[in-house]
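Step one of this worksheet: look at the structure below.
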Amino acid sequence: MSSEEFDITATYLRFLEDDPDITMPIAAIESLVTLLKIKQPSTSAELITLLSGAISELKTSVPNAISLSAGCDLFMRFVLRNTHLYSDWESCRTNLVENGQLFIQRAKESRNKIAEIGLPFIKDDDIVLVHSYSRVVCNLLIRAFQKHIRFRVICTEARPTETAKSDTMAYLLRQAGIPVAMIYDSEVGFFMHKVDKVFVGAEGVAESGGIINHIGSYQMGVLAKNANKRFYVVAESHKFVRMFPLGPDDLSIKKKLEFSTEDKPIETRHLEFTPHEYITALITDLGVLTPSAVSEELIKMWYD
């Protein structure tokens, strides 16, 4: 592909399509590394301009840009911290590409690291409640089952969802041999007293320790706290985003209430914000964190 033909958004979407296990932040970083390989900027100023334009294009062209933004911002920070370390530009460009690929590989391996860290949180005879499809939560549960921990899982229907049946959490867990019960989203309160703990993933983890995740996570957190059940978030550290929403209306993704006397289809919304006070702990590749510790980790990532 020539540099004139390169399309950052199409490249990003292709990475997501080619690898079902890849996360949005990693797909974004892979796209930016590919951009550097093809465009080959000749100066640091040209590099920054090129990346800034590509990141802006990605963020505006993808409907759900919260998770993607975490990867873009991390890569830009990595570039800004390393461009001044080399005397000649060619060595700098080569190093950025090589280290960018190394970062991608480590980020992909973080899912297995999280599974090992999260194993002690699942015990024999547990009934675990999960919501929506999360690769990292699914990987943790399957790893626990492979370690001969015997537990059962309650999966919500997680509407609205656009995933095929073969991509749902219940399908994948049953394929691994884990007993699963499916319930409607509206039944979470009814069954909460039977649950030992709740596990959810995250599209993004805010500075406050709250999470941006599939719609329904917030009400699940409220119900879990009311029933005195532990609510765990399982997420990779590359999903930590520099956002500080205080409530659901602080997200850029908003849903308007339209009152009408005529029949109209329901406007679909996929993401919402769950505040930190409903979260017991976050299980990440950096270890087990309290919500308040997320801001400290973001400071380390960005300013150390």
Side-chain angles (χ1 to χ4, degrees), residues 23-24 63-67 126-141 152-174 178 180-206 208-236 239 241 243 245-258 265-283 291:
T23 60
M24 292 180 189
N64 169 22
I66 292 174
S67 187
D126 271 353
I127 295 180
V128 177
L129 175 63
V130 298
H131 180 62
S132 185
Y133 172 52
S134 165
R135 299 175 188 87
V136 67
V137 173
C138 189
N139 191 55
L140 168 59
L141 295 176
R152 292 167 290 171
V153 178
I154 298 175
C155 287
T156 59
E157 193 181 21
R159 285 184 178 245
T161 180
E162 296 173 353
T163 57
K165 181 179 178 182
S166 59
D167 292 330
T168 61
M169 182 79 85
Y171 178 85
L172 295 171
L173 294 178
R174 283 169 174 161
I178 300 171
V180 173
M182 281 287 294
I183 63 172
Y184 293 112
D185 297 329
S186 55
E187 294 180 308
V188 169
F190 182 81
F191 287 108
M192 185 60 76
H193 72 285
K194 295 181 180 292
V195 171
D196 293 295
K197 58 203 66 170
V198 181
F199 285 95
V200 298
E203 290 291 316
V205 180
S208 62
I211 61 166
I212 299 99
N213 197 42
H214 193 93
I215 194 88
S217 302
Y218 175 44
Q219 63 191 22
M220 188 176 285
V222 173
L223 289 166
K225 185 170 184 178
N226 185 63
N228 200 28
K229 304 292 183 179
R230 286 160 289 175
F231 186 90
Y232 295 113
V233 175
V234 189
E236 303 95 326
K239 290 183 178 178
V241 291
M243 294 175 59
L246 299 176
D249 289 337
D250 292 335
L251 294 184
S252 57
I253 305 169
K254 296 182 180 179
K255 179 177 178 178
K256 295 180 180 178
L257 283 175
E258 293 189 8
I266 299 174
E267 182 187 348
T268 301
R269 173 177 172 171
H270 292 282
L271 296 178
E272 68 179 355
F273 178 66
T274 303
H276 67 278
E277 58 261 32
Y278 300 107
I279 297 169
T280 306
L282 296 99
I283 304 170

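This structure is a prediction, so every number in the text was calculated from the model and none was measured.
Here the closest non-hydrogen pair linking Ala224 and Val198 is CB-CG2, 4.2 Å. Taking each heavy atom of Ala202 and Val233 in turn, the nearest pair found is CB-CG1, 4.1 Å. Considering all non-hydrogen atoms of both residues, Cys155 and Leu173 come closest at SG-CD1, 4.2 Å. The minimum heavy-atom distance linking Met192 with Ala227 is given by the pair CG-CB, 3.7 Å. Annotation for Tyr133 and Arg135: closest pair OH-CG, 3.6 Å, computed over non-hydrogen atoms. Between Ser67 and Met24, the shortest heavy-atom contact is OG-CB, 3.8 Å.
Side-chain atoms of Glu203 do not come within 3.5 Å of backbone N or O of Leu271 as any donor-acceptor pair. Side chain of Asp196 to main chain of Val128: no donor-acceptor pair is present (N/O by atom type, distance under 3.5 Å, no hydrogens or angles). For Lys225 (side chain) and Glu277 (main-chain N/O), a donor-acceptor pair under 3.5 Å exists by modelled atom type.
Taking CD1 of Ile178 as the start and CG of Leu141 as the end, the distance is 5.5 Å to the nearest 0.5 Å. Note that the CD atom of Glu157 and the OG1 atom of Thr168 stand 10.5 Å from one another [nearest 0.5 Å].
No side-chain heavy atom of Leu140 sits less than 4.5 Å from a side-chain heavy atom of Val136. Contact annotation: the side chain of Ile283 approaches that of Phe199 to within less than 4.5 Å [non-hydrogen atoms, C-beta and beyond]. Val200 is listed as a side-chain neighbour of Phe231, based on a closest heavy-atom distance under 4.5 Å. A heavy-atom distance below 4.5 Å is found between the side chains of Asp185 and His131. Looking at Ile154 and Ile127, their side chains come closer than 4.5 Å, going by heavy atoms from C-beta outward. A heavy-atom distance below 4.5 Å is found between the side chains of Arg174 and Met182. Residues Tyr218 and Pro275 form a side-chain contact, since some pair of their non-hydrogen atoms from C-beta on lies under 4.5 Å apart. By the 4.5 Å heavy-atom criterion applied to side chains, Met220 and Leu129 are counted as neighbours.
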- Task: Begin from the C-alpha positions of Thr156 and Val188 and carry the test side chain to side chain contact (heavy atoms under 4.5 Å, CB included) through to its verdict.
- Result: CA-CA 8 Å; Thr156 59; Val188 169; 3.8 Å; yes

- How far apart are the C-alpha atoms of Val234 and Ser134, what are their side-chain angles, what is the distance that settles it, and do they pass the side chain to side chain contact (heavy atoms under 4.5 Å, CB included) test? CA-CA 9 Å; Val234 189; Ser134 165; 5.8 Å; no

- Steps toward side chain to side chain contact (heavy atoms under 4.5 Å, CB included) verdict (Glu236, Thr23): CA-CA 10 Å; Glu236 303 95 326; Thr23 60; 3.6 Å; yes

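Applying the side chain to side chain donor-acceptor pair (under 3.5 Å) rule to Lys197 yields the partners Asp126; only residues at least two apart in sequence or on another chain are considered.
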